[in-house]
Amino acid sequence: MAETNPLKRVCVVGSGNWGSAIAKIVGQNVLAHEDVFEPEIFMYVYEEIVNGQKLTEIINSEHENVKYLPDIKLPPNVIAVPDVVKACMNADVLIFVLPHQFVKDTCLKMKSFIKPNPLGISLIKGFILTEGEGIQLVSKVISEILGIETAVLMGANLATEVASEMFCETTIACENDSYKGLLNALFETSYFRCKVIRNVSGVEACGALKNVVGIGAGIVDGLGYGDNTKAAVIRLGLMEMMKFTKVFLGNEDRSVFFESCGIADLVATCHGGRNRLLGEAVVKSMKDIRLLEKEILRGQSFQGPLIAKEIYAYLKENNMLDQFPLLVAVHRICTREVDPRNFIDCLRDHPEHM
Ligand SMILES: NC(=O)C1=CN([C@@H]2O[C@H](COP(=O)(O)OP(=O)(O)OC[C@H]3O[C@@H](n4cnc5c(N)ncnc54)[C@H](O)[C@@H]3O)[C@@H](O)[C@H]2O)C=CC1
Ligand SMILES: O=C(CO)COP(=O)(O)O
């Protein structure tokens, strides 16, 4: 009888700023739990040429993702693989950490090649908008395409700070309690404190929505307002996040907003996130946001504008635009329909004040 390997093989699907930072943690943790995991992990890298060389070759020789997470060494047991099928085919654990617009295509490529029942974990902050079908949670799309259970991990986790081992917390959500030990073994470190809860959809909604509020925080920074105004953006943004989660998911569990994925991630993003940078840039320059993305992030991506568009489509279809003035204004400012200077009006006239 063929022997089955009891050790679990892990694959990280994605290798951007956050993908590389989490691969560092998971790479170290699989070595610390050699009775549970295979000692090597594969990291799927969307191949590109950097300084005349393939990015996968640079990562595998220098153990550094010089483009997306420079100056941070990855453990040598993190192996960069340019073919997503080869990266995922023997995996028992699939960690998804791609910009959400690439999730569907990537999962469709993986679909026929994965093992029967791997556990998926999505670290992706966004929604997926499908023509005619509306918006869906990313974890749901992964589960539907691949036929797997998918947990989520979201929190106040600016990737560069995590990679520099500055203390933070995160929230993991999984409906199945039996995975709790495995999830802790994969992600927890002395500087990355994990709390495992059950509310997958609530945690995921927080992760997506806060990116849009983060742009709003950048807009008030760009307009020259101070901390009180930013606090108003955070508070009104949080109220809209709670309301959206209730109407979109029917999820009324407010406790999730007090976890790292809720208020903490919102505060971190509104102060130090890439989406905040975009909001500021949109005020100071009339350039198209895709051009700003290229100039400011040089390959990384702002997810907020896409998420704002996805939310806008949902609200429009459900005749609820007037109930979410902050989320709607961010979308209209990103598309240049509205002058960013009008943003303060939407805060002043917000229904929360009525
Ligand atoms: N960077 C951060 O601090 C954090 C990011 N996140 C979330 O993690 C997710 C991934 O973001 P990052 O790792 O920061 O990525 P990133 O924004 O740094 O980099 C973009 C990535 O997309 C890849 N890519 C480009 N075209 C592609 C294609 N056609 N197919 C597949 N991949 C392609 C690039 O190679 C690169 O790895 C997002 O949902 C983000 O919101 C969550 C927490 C923290
Ligand atoms: O999700 C993040 C921090 O938790 C990163 O946010 P930004 O994409 O705005 O940098």
Side-chain angles (χ1 to χ4, degrees), residues 12-25 43-50 54-56 59 65-70 72 80 82-84 87 95-110 121-128 137-139 142 152-164 166 168-171 187 192 203-204 206-218 259-281 293-294 296-308 310:
V12 178
V13 183
S15 55
N17 192 227
W18 187 218
S20 302
I22 208 69
K24 178 186 166 194
I25 289 182
M43 177 171 76
Y44 162 57
V45 175
Y46 182 74
E47 189 67 284
E48 60 188 292
I49 303 297
V50 178
K54 287 181 177 167
L55 183 56
T56 48
I59 295 173
N65 188 339
V66 293
K67 176 158 179 187
Y68 294 100
L69 189 64
I72 299 290
D83 179 341
V84 73
I95 299 170
F96 292 89
V97 55
L98 297 160
H100 65 278
Q101 63 270 33
F102 305 127
V103 167
K104 257 191 167 175
D105 282 356
T106 306
C107 286
L108 288 169
K109 281 183 200 150
M110 295 164 60
I121 303 137
S122 172
L123 279 58
I124 299 168
K125 292 174 176 171
F127 296 116
I128 293 184
L137 296 171
V138 173
S139 67
I142 294 172
V152 299
L153 180 155
M154 315 266 147
N157 304 142
L158 297 164
T160 309
E161 292 184 17
V162 178
S164 302
M166 296 179 189
C168 67
E169 303 173 298
T170 203
T171 314
F187 295 108
F192 193 68
V203 170
E204 197 172 347
C206 285
L209 291 160
K210 65 87 198 176
N211 280 337
V212 181
V213 183
I215 298 175
E259 301 292 348
S260 179
C261 61
I263 185 69
D265 196 9
L266 182 59
V267 169
T269 303
C270 287
H271 287 90
R274 299 172 296 188
N275 288 294
R276 191 215 66 84
L277 278 179
L278 172 66
E280 191 169 9
E293 183 173 66
K294 270 198 187 129
I296 300 172
L297 295 185
R298 296 189 299 276
Q300 293 183 36
S301 55
F302 298 122
Q303 297 306 116
L306 259 181
I307 299 168
E310 289 148 9

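Both counts, for ligands and for their atoms, begin at 1 and track the order of listing.
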*Candidate with minimal heavy-atom separation from atom 7 (C) of ligand 1, of L123, V103, V13, T106*: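 Heavy atom nearest to atom 7 (C) of ligand 1 belongs to L123.
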
*To which of K125, E161, Q300, K67 does the heavy atom nearest atom 39 (O) of ligand 1 belong?*
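Nearest heavy atom to atom 39 (O) of ligand 1 lies in K125.
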
_Heavy-atom pairs closer than 4.0 Å: do any link ligand 1 to the side chain of W18, the backbone, both, or neither?_
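It is both backbone and side chain that touch ligand 1.
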
Looking at ligand 1, is there an atom of it that comes within less than 4.0 Å of some heavy atom belonging to [X]?
X	result
S15	yes
M154	no
G14	no

With respect to [X], determine whether any N or O atom, backbone or side chain, lies less than 3.5 Å from an N or O atom of ligand 1.
X	answer
G19	yes
H100	no
L158	no
A159	yes

Could you state the interatomic distance from [atom1] ([X]) to [atom2] ([Y]), rounded to the nearest 0.5 Å?
X	Y	atom1	atom2	result
Q101	I307	CD	CD1	9.0 Å
K67	S20	NZ	OG	11.5 Å
S260	N157	OG	CG	5.5 Å
M166	T160	CE	OG1	9.0 Å

Please give me the minimum heavy-atom distance between [X] and [Y], naming the atom from each residue.
X	Y	result
V138	G126	CG2-O, 3.2 Å
L98	G14	CD2-CA, 3.8 Å
N275	P305	OD1-CD, 4.0 Å
I72	A163	CD1-O, 3.8 Å
F96	I124	O-CG1, 3.5 Å

*G273 to ligand 2: N or O pair under 3.5 Å?*
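No.
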
_N or O contact, R276 vs ligand 2, cut-off under 3.5 Å_ =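 N/O-N/O distance below 3.5 Å does not exist for this pair.
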
*Let me see the working for V13 and F102 under side chain to side chain contact (heavy atoms under 4.5 Å, CB included), right down to the final yes or no.*
CA-CA 11 Å; V13 183; F102 305 127; over 6 Å; no

Do me a favour and list the nearest non-hydrogen protein atom to [atom] with residue, atom name and distance?
atom	answer
atom 1 (O) of ligand 2	K210 NZ, 2.6 Å
atom 14 (O) of ligand 1	R274 NH1, 3.1 Å
atom 18 (O) of ligand 1	N17 N, 2.8 Å
atom 24 (N) of ligand 1	F102 CE1, 3.6 Å
atom 44 (C) of ligand 1	N157 O, 3.1 Å
atom 3 (C) of ligand 2	D265 OD1, 3.4 Å
atom 34 (C) of ligand 1	Y68 OH, 3.5 Å
atom 10 (O) of ligand 2	R274 N, 2.7 Å
atom 28 (C) of ligand 1	Y46 CE1, 3.3 Å
atom 20 (C) of ligand 1	P99 CG, 3.7 Å
atom 17 (O) of ligand 1	S301 N, 2.7 Å

Side-chain donor-acceptor distances from residues 262-271 under 3.5 Å, at least two apart:
residue, atom, partner, partner atom, Å
D265, OD1, T269, OG1, 3.3
D265, OD2, K125, NZ, 2.8
T269, OG1, K210, NZ, 2.9
T269, OG1, D265, O, 2.9
H271, ND1, V267, O, 2.9

*Hey, does G207 sit under 4.0 Å from ligand 2 if you only count heavy atoms?*
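Contact check G207 vs ligand 2: negative.
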
*Mind checking whether K125 has a heavy atom under 4.0 Å from ligand 2?*
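Yes; K125 lies near enough to ligand 2 that a heavy-atom distance drops under 4.0 Å.
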
Relative to the heavy atoms of [X], which atoms of ligand 1 are at a distance of less than 4.0 Å?
X	result
E48	35 (O)
I124	39 (O)
Q303	41 (O)
V97	8 (O), 10 (C)

*asked:* Under the criterion side chain to side chain contact (heavy atoms under 4.5 Å, CB included), I'd like the reasoning laid out for L55 against Y46: C-alpha separation, chi angles, the key distance, then a yes or no.
replied: CA-CA 9 Å; L55 183 56; Y46 182 74; over 6 Å; no

[X] side chain to [Y] backbone, donor-acceptor under 3.5 Å:
X	Y	answer
E169	A156	no
N17	Q300	no
E47	T56	yes

*Can you find a pair of side-chain heavy atoms, one from F302 and one from N211, that are under 4.5 Å apart?*
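The answer is no; the side chains never approach within 4.5 Å.
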
*At a non-hydrogen distance cut-off of under 4.0 Å, which region of M154 contacts ligand 2 (side chain, backbone, both, or neither)?*
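The answer is neither; M154 stays 4.0 Å or more away.
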
*Just let me know how N275 lines up against ligand 2, side chain, backbone, both or neither, with a heavy-atom cut-off below 4.0 Å.*
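N275 to ligand 2: contacts from backbone and side chain alike.
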
_Polar side chain donor-acceptor pair, S301 to E293, under 3.5 angstrom_ =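 No.
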
_Distance filter under 4.0 Å to N157 heavy atoms, resulting ligand 2 atoms_ =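 Here the atoms of ligand 2 in question are 3 (C), 4 (O).
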
